[in-house]
Amino acid sequence: MPSVGPPQRPSLFVGGTWTSGSGGAVDVHNPFDGSVVATIDQAGPDDVIRAVAAARTAFDTGPWPTTPVAERAALLRRVAELLVRDKEEIARVETLDTGKTLKESRIDVDDVTAVFRYYADLADKEAGRIVDVGLAHVVSRVVPVPVGVCALITPWNYPLLQLSWKVAPCLAAGNTCVIKPSEVTPLTSIMLVHLLEEAGVPEGVVNLVLGDGPTVGAPLTEHDDVDMVSFTGGLATGQAIIRASATTVKRVAVELGGKNPNVVFADTPLDLAADWAITAAFLHSGQVCSAGARLIVEDALHDELVAEIARRAERIRLGNGLDPASECGPLVSAAQLAKIEDYVASALAEGARLVCGGRRPDDPALKDGFFYRPTVFADVTRDMRVVREETFGPILTVERFTTEDEAIALANDTHYGLAGAVWTADQARAHRVASALRHGTVWINDYHPYVPGAEWGGMGRSGNGRELGPTGLAEYQEHKHVWHNTAPEPAGWFEG
Ligand code: TXE
């Protein structure tokens with residue numbers, strides 16, 4: 001049945017049944033005006049234990065891990081069809097939950113649909129391989145097998161999209177899972193689980209628990225019966241998850257954000273550079289792990305570009321994500337707004353020059369939302385917190401360079417390494433700089449695009465493992481070697 005409206009209670013999904021949790025119920029609020037969008041159930045520790053047990057049983061007793069890949073792929077394709085059917089409603093709920101514009105939410109649902117299709121196609125082609133060991137009586141096969149029970153823990157900025165990058169390859173590979181969305185934006189994850197159920201996912205294969213990190217996320221990462229944790233979120237949480245996983249030696253894949261350089265050489269047309277600088281930095285109010293938050297500009301273009309960016313940033317229309325006139329919605333929460341205000345205060349205290357923004361909007365229509373004006377700082381230095389740390393909000397810092405080597409050194413001077421871009425009309429230079437950047441994704445004369453077939457992930461403290469592409473499927477597989485001796489003879493090693 002098509003989805004109508006935000007999801008209703010009961011909202012946990014355990015062992016194929018919708019159930020309320022022992023953690024009570026909470027309201028989910030719209031970051032635009034604080035209104036209640038939905039009321040949902042919260043899991044308690046006992047619900048986490050039940051969900052892991054259901055996933056364990058479904059993995060150990062099947063049939064999902066041994067279901068032919070063509071059937072698993074068919075289920076993913078059915079999910080894609082249901083996403084197409086429910087696109088408008090899911091996009092609307094994503095906007096109510098996150099505050100992002102409806103235009104962006106619609107793109108997210110299209111991207112999610114493409115991800116399900118991509119992994120359906122890829123799973124269909126999974127063949128393993130034969131290794132020729134040069135012995136006529138031996139068959140040596142390497143076969144991909146699922147890892148087991150996977151905990152999929154997701155953040156609030158791209159709730160549905162991030163979940164699809166995990167759950168589609170996880171299921172394609174034959175695993176079972178427990179999904180734990182961000183407590184801040186859980187609604188479209190609940191909707192997606194409804195679609196997975198409608199598409200016919202067997203009992204216990206997909207489980208959903210809702211709640212915060214300490215109560216619901218942490219026990220998942222410590223549980224003996226969870227074989228793998230895939231996590232996208234903040235650096236500190238990722239570090240805690242890696243530590244928690246050590247006891248049971250779980251497989252861990254983490255994507256922990258970035259502090260991404262956007263390098264602009266002076267031969268880039270001013271309009272193009274300014275347009276893409278603000279798109280890179282302020283899309284979704286900068287709450288994007290790959291946001292181009294560090295603009296690094298060649299001297300000759302610096303002053304003119306900063307002035308043009310400020311002119312454009314001042315004109316960005318903030319508003320209700322459901323209003324087609326809005327170009328940017330609010331920040332997701334009061335906590336995120338407070339964090340941004342703190343970064344702005346620290347930048348000013350450390351001597352950065354405020355070029356524009358640096359405050360909440362005056363418009364009384366926005367007073368109930370978590371809005372913050374797009375903010376640009378120039379004359380920053382590399383040791384400032386605002387340059388080193390991920391702010392995850394509408395703050396752009398601008399640094400300048402004279403030589404190509406200097407640009408590269410600045411762009412790589414970060415503990416993170418998720419994404420970056422280089423803008424220049426000189427194609428040879430573009431490729432030299434792109435090769436030198438230690439970042440998981442590098443764009444040349446572009447910013448933000450990604451495709452399901454190309455890997456996504458970080459170097460350094462941006463994380464380990466990859467999502468999307470063939471590697472995004474391999475994360476959820478063990479590669480098992482089966483050696484078959486068709487004519488065994490005594491080893492003759494010991495005399496016996
Ligand atoms: O993320 P958390 P928060 C960055 C961004 C942001 C900061 C904090 O800089 O300002 O992180 O955001 C669950 N064990 N990113 O606090 O806490 C939590 O419930 C297991 C970058 O919202 O990392 C949620 O489901 N799980 C980022 C998820 O982890 C735990 C996207 C993410 O929340 C847990 C979002 C624990 N101990 C924020 N503690 C990106 N990489 O794109 C929390 N969680």
Side-chain angles (χ1 to χ4, degrees), residues 23 26 31 42-43 45 48 52 97-98 100 150-163 165-166 178-189 208-223 226 228-246 250 252-260 283-291 293 331-343 370 372 385-386 388-395 414-419 440-441 448 450 456-458 460-465 467:
V26 293
Q42 297 287 279
V48 175
V52 174
D97 205 0
T98 63
K100 68 173 66 177
C150 304
L152 311 180
I153 303 177
T154 52
W156 43 259
N157 55 338
Y158 287 88
L160 188 67
L161 187 75
Q162 298 288 355
L163 178 55
W165 291 14
K166 299 183 192 307
V178 179
I179 296 168
K180 208 299 277 173
S182 168
E183 61 276 30
V184 184
T185 57
L187 298 183
T188 52
S189 299
L208 172 71
V209 287
L210 305 171
D212 64 21
T215 317
V216 181
L220 276 175
T221 66
E222 290 155 7
H223 201 298
V226 171
M228 170 173 174
V229 180
S230 176
F231 168 79
T232 303
L235 175 58
T237 312
Q239 289 165 328
I241 286 175
I242 291 168
R243 277 194 294 273
S245 304
K250 296 186 199 322
V252 184
V254 291
E255 200 263 72
L256 309 176
K259 191 70 191 180
N260 312 290
L283 181 82
H284 192 18
S285 303
Q287 301 170 117
V288 182
C289 51
S290 53
L331 299 179
V332 76
S333 63
Q336 205 57 25
L337 177 60
K339 187 175 162 184
I340 295 311
E341 289 182 320
D342 181 56
Y343 273 113
F370 306 121
Y372 201 83
R385 266 183 73 214
V386 73
R388 304 211 70 80
E389 297 176 15
E390 182 183 54
T391 66
F392 227 61
I395 303 179
T414 169
H415 290 308
Y416 289 105
L418 186 63
T441 295
H448 280 319
Y450 77 94
W456 178 269
R461 292 185 200 168
S462 286
N464 55 44
E467 301 197 284

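Keep in mind it's a predicted model, so treat the numbers as computed, not measured. FYI, the numbering just counts along the sequence from 1. We count ligands from 1, going down the list as the structure has it; atoms in each ligand are counted the same way. Both backbone and side-chain heavy atoms feed into the values below; hydrogens, waters and symmetry mates do not.
Remark: atom 3 (P) of ligand 1 lies closer than 4.0 Å to at least one protein heavy atom. In this structure, atom 16 (O) of ligand 1 has no protein heavy-atom contact shorter than 4.0 Å.
In the candidate list Pro186, Gly234, Ala240, Gly234 is nearest to atom 11 (O) of ligand 1, counting heavy atoms. Summarising the contacts of atom 21 (C) of ligand 1 with Ala335, Gly233, Pro219, Ala244, the nearest heavy atom is found in Gly233. Between the choices Tyr158, Tyr343, Phe231, Trp156, the shortest heavy-atom distance to atom 32 (C) of ligand 1 belongs to Phe231.
Considering backbone and side-chain N/O atoms, Thr232 never comes within less than 3.5 Å of an N/O atom of ligand 1. The distance criterion of under 3.5 Å between nitrogen or oxygen atoms is not met by Thr391 with respect to ligand 1.
At a 4.0 Å heavy-atom cut-off, ligand 1 does not touch Gln162 at all. Under 4.0 Å from ligand 1, the heavy atoms of Thr154 that appear belong solely to its backbone. For Leu256, every heavy-atom contact with ligand 1 shorter than 4.0 Å involves the backbone, none the side chain.
Each of the atoms 18 (C), 19 (O), 24 (C) of ligand 1 lies under 4.0 Å from some heavy atom of Glu183. Under a 4.0 Å criterion applied to the non-hydrogen atoms of Pro155, ligand 1 contributes the atoms 31 (C), 35 (C).
In this structure, Glu389 does not count as a contact residue of ligand 1, since none of its heavy atoms falls inside 4.0 Å of the ligand.
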